[in-house]
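Working notes, beginning with the structure itself.
Proteins come first, then strands; the chains are lettered A, B, ... in the order of their sequence lines, and each starts at number 1.
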Amino acid sequence: MENEKESLVDRLFGSSVGYMRRFLFRVLSVGPIPNHLAFILDGNRRYAKKWDLGKGMGHRAGFLSLMSLMKYCYELGVKYVTIYAFSIDNFRRRPDEVQGVMDLMLEKIEGLLKEESIVNQYGVRVYFIGDLNLLSDTVRLAAEKAMKATSNNDKSILLICVAYTSTDEIVHAAQESCEHKWHEIHSVMKPNDAQNGAVGEEERGENYDIKLADIERNMYMGVAPDPDILIRSSGETRLSNFLLWQTSNCLLYSPKALWPEVGLWHLVWAVLNFQRVHTELEKGMKQL
Amino acid sequence: MAAFQIHHQRFPHAPLHELLPPTTRRPSFSFVSKAATATGAPRNGVSINGLPPVHYTEEDPIPLPPGLREESMPSHVAVIMDGNRRWARMRGLPSGSGYEAGARALRRLVELCCKWGIRVLTVFAFSSDNWVRPKMETNFLMGLLERGLRNELQHLIREKVRISLVGDCTKLPKPLQALLSEAAETTKNNSQLHLILAVNYSGQNDLVQACQNIAQKVKDGLIEPEDIDKFLLESELETNCTDFPNPDLLIRTSGELRISNFLLWQLAYTELYFANSLWPDFGEDEFVKALLSFQQRQRRYGGRSS
């Protein structure tokens, strides 16, 4: 009897909190809402140490925080959310720690595909961004399966950066651009020219020049526009090789809270700052 | 507010030429040059400019302000000098005065970097995106760059500062281009401080030109597309002219929290410091605050915790 009463109170409380939050988002929506938010999920290990949790529990707490924030973002109307889940540099950590994170990722990727997951609730399409060949077969296959399963969703997009660094992404884009141009040139050459190794004058010069658009097209992150806000938790102000190309005009926000402590108010603060700066920038552009 | 009042006393609404420091009275830059002998060693026990005499030996550590540790000073500092126009607007002065004041702040910073053993200083003097500003303003900036460099070149040579330019210089006025090449050529063997001027620079364009150079090498058969790796790409970037191509610390003034297309690849692991003060007000105190903040940070590079 008491349990039923408690859960009713809990439910009432939960739904009124949800109602207030949605009302707050309606108010925020009067101003411009960012289209794309990027998060660097920093501070999980420090959180575990701070609260004396077991090994790997910091990352689990971080995952819960991530789910809440994703929900808030999609409720607010943010279309793209990118998270820096695992960097290529993180492979240098202790092997048991890396394995723990990989196991957690596998567990959560499989969870994403379940009926009641946030992905289905909000119609989220999932992309895994990075050099997936660096992952173990099981994790890579699970990631590919998740991408395929959500490919028809179109309401919102979640980009999970694993085995990713921005420098690796740029090198990969440069390689792809060079290869495409190389094939383009060779495909217009006649067979005897190909044997002689000669390339006509028209193929030299402009046609072979790699342009900015070529590189952007070949970026892993080419499936999304540039982020409007980059939020890095735990107070560190550095990019750590994340989205270097895409954040050149992005607002940077680094709250001191560790990632599992980041919540609704940090998001609201980031959006308010974005709205202030956005209006100033628009005014500045008009003046010019 | 105090800083504003001091500036107001020193720089009331005066004509532009009076806001420039007279050439006979240079800021403490000349203190440094007087203190140095021909071999570069400071003169021992001599009172200079009325200050108490200093006794240095070759082995003495660099005199840093209290709180700063020599072993964790950044080797390469990059600066986005933002806020000159706002500074001028706050004082009811034209933008030109803001830029002039900014130039003075830059001179102060170069002097401090020389004094404190920072090896490379990269300054974002002009972005490719800045061409959208009014033509009068961009012309003034180009003129200021030329005047400033011409006035300071001899001092910089004496202080053994090496000057390099990154950015597309072909769009700059011809006299400025010539002066920049001359400065780079004359100072190329200097080694006290490497001052890199980013003029008409854009981080994305730097990467695109690096990719184009690499594509040219692929076309010429020198390398295969599979050989392209991050070391090759780094070596083609314009900032590869120095031993420390990647900044340890980036300072942006005026409270704007963005990179604005400056040094993209090179900022992968750089500590970012956003100062609220406007660039002309960025002095020694502010720089010390930035360096203290830098020294307190834990740089893990994605790996183990320290």
Side-chain angles (χ1 to χ4, degrees), chain A residues 45-46 49 86-94 97 165-168 170-182 185 197 199 203-204 208-216 229-230 235-242 244-254 273 277 280 285 288, chain B residues 127 129 132-134 137 202-205 207-219 221 223-234 236 249-250 252 255-274 293 297-305:
Chain A
R45 293 184 296 174
R46 270 168 282 171
K49 213 161 148 189
F86 197 83
S87 160
I88 295 179
D89 297 326
N90 294 152
F91 280 115
R92 291 190 279 125
R93 293 185 177 181
R94 280 196 329 267
E97 194 184 316
T165 53
S166 199
T167 45
D168 180 70
I170 295 172
V171 167
H172 176 260
Q175 267 173 345
E176 291 285 304
S177 309
C178 279
E179 278 180 12
H180 284 158
K181 284 286 171 184
W182 189 237
I185 290 215
V199 180
E203 281 85 44
R204 280 187 235 256
Y208 198 66
D209 254 357
I210 291 193
K211 305 214 173 20
L212 192 127
D214 296 317
I215 298 182
E216 296 208 305
I229 314 178
L230 171 62
E236 307 282 10
T237 36
R238 52 180 181 250
L239 297 169
S240 293
N241 218 337
F242 184 53
L244 300 172
W245 180 276
Q246 296 83 351
T247 51
S248 72
N249 283 308
C250 168
L251 177 67
L252 307 170
Y253 172 48
S254 46
N273 269 320
V277 168
E280 279 173 13
M285 292 301 286
L288 293 169
Chain B
S127 159
D129 302 331
V132 299
R133 292 190 180 176
E137 211 177 289
S202 142
Q204 285 188 347
N205 289 348
L207 270 165
V208 171
Q209 69 81 30
C211 291
Q212 284 170 346
N213 291 348
I214 292 176
Q216 186 62 40
K217 289 191 173 152
V218 169
K219 200 189 102 185
I223 48 172
E224 301 293 316
E226 307 86 67
D227 295 334
I228 300 174
D229 64 7
K230 71 174 192 182
F231 301 107
L232 183 62
L233 202 52
E234 243 169 36
E236 293 291 339
L249 172 65
L250 170 81
R252 179 172 187 151
E256 290 290 332
L257 302 169
R258 59 185 78 237
I259 307 294
S260 298
N261 211 353
F262 181 45
L263 288 189
L264 196 152
W265 173 285
Q266 299 84 338
L267 292 182
Y269 300 100
T270 305
E271 297 291 334
L272 310 172
Y273 179 81
F274 296 104
S293 166
R297 299 188 190 190
Q298 275 191 346
R299 305 183 81 187
R300 296 181 292 272
Y301 301 94
R304 298 158 192 265
S305 41

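- Panel note: side chain A/Thr237, backbone B/Tyr273; no donor-acceptor pair is recorded below 3.5 Å.
- For B/Thr270, the part lying under 4.5 angstrom from a heavy atom of chain A is the backbone only.
- There is no contact between B/Phe262 and chain A, counting heavy-atom distances below 4.5 Å.
- In this structure, chain A has heavy atoms under 4.5 Å from both the backbone and the side chain of B/Glu226.
- Chain A forms the most heavy-atom pairs under 4.5 Å with one residue out of B/Asn205, B/Asp227, B/Asp129, B/Val208, and that residue is B/Val208.
- When heavy atoms are compared at a cutoff of 4.5 Å, B/Leu264 approaches chain A by way of both its backbone and its side chain.
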Going through the checks in order, is the side-chain contact (heavy atoms from CB on, under 4.5 Å) test met by B/Phe231 and A/Val171? CA-CA 10 Å; B/Phe231 301 107; A/Val171 167; over 6 Å; no

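- Taking all atoms of both residues into account, the shortest heavy-atom contact from A/Ala174 to B/Ile228 is O-CD1, 4.3 Å.
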side-chain contact (heavy atoms from CB on, under 4.5 Å) between A/Leu252 and B/Leu272: does it pass, once the steps are laid out? CA-CA 10 Å; A/Leu252 307 170; B/Leu272 310 172; 4.1 Å; yes

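- In this structure, no portion of A/Glu97 lies under 4.5 Å from any heavy atom of chain B.
- Minimum interatomic distance between A/Leu244 and B/Trp265 (heavy atoms only, all atoms of both residues): CD1-O, 3.9 Å.
- Remark: B/Gln209 pairs with B/Asp206, B/Gln212, B/Asn213, B/Glu238 by the side-chain contact (heavy atoms from CB on, under 4.5 Å) rule, at least two apart or across chains.
- In this structure, A/Glu179 and B/Pro225 approach most closely via the heavy-atom pair CG-CB, 3.4 Å.
- The shortest heavy-atom contact between B/Leu233 and A/Ile170 is CD2-CG2, 3.8 Å.
- Shown here are the side-chain contact (heavy atoms from CB on, under 4.5 Å) partners of A/Ser248, two or more places apart in sequence or in another chain: B/Gln204, B/Asn261.
- The contact between A/Leu251 and chain B is made by backbone and side chain atoms together, counting heavy-atom distances below 4.5 Å.
- When heavy atoms are compared at a cutoff of 4.5 Å, A/Ser166 does not approach chain B at all.
- Atom CG of B/Leu257 and atom SG of A/Cys250 lie 10.5 Å apart (nearest 0.5 Å).
- Counting only distance, with no hydrogens or angles, the side chain of B/Arg258 and the backbone of A/Asn249 share a donor-acceptor pair below 3.5 Å.
- For the residue pair A/Ile210 and B/Cys211, the shortest heavy atom distance occurs at CD1-O, 4.2 Å.
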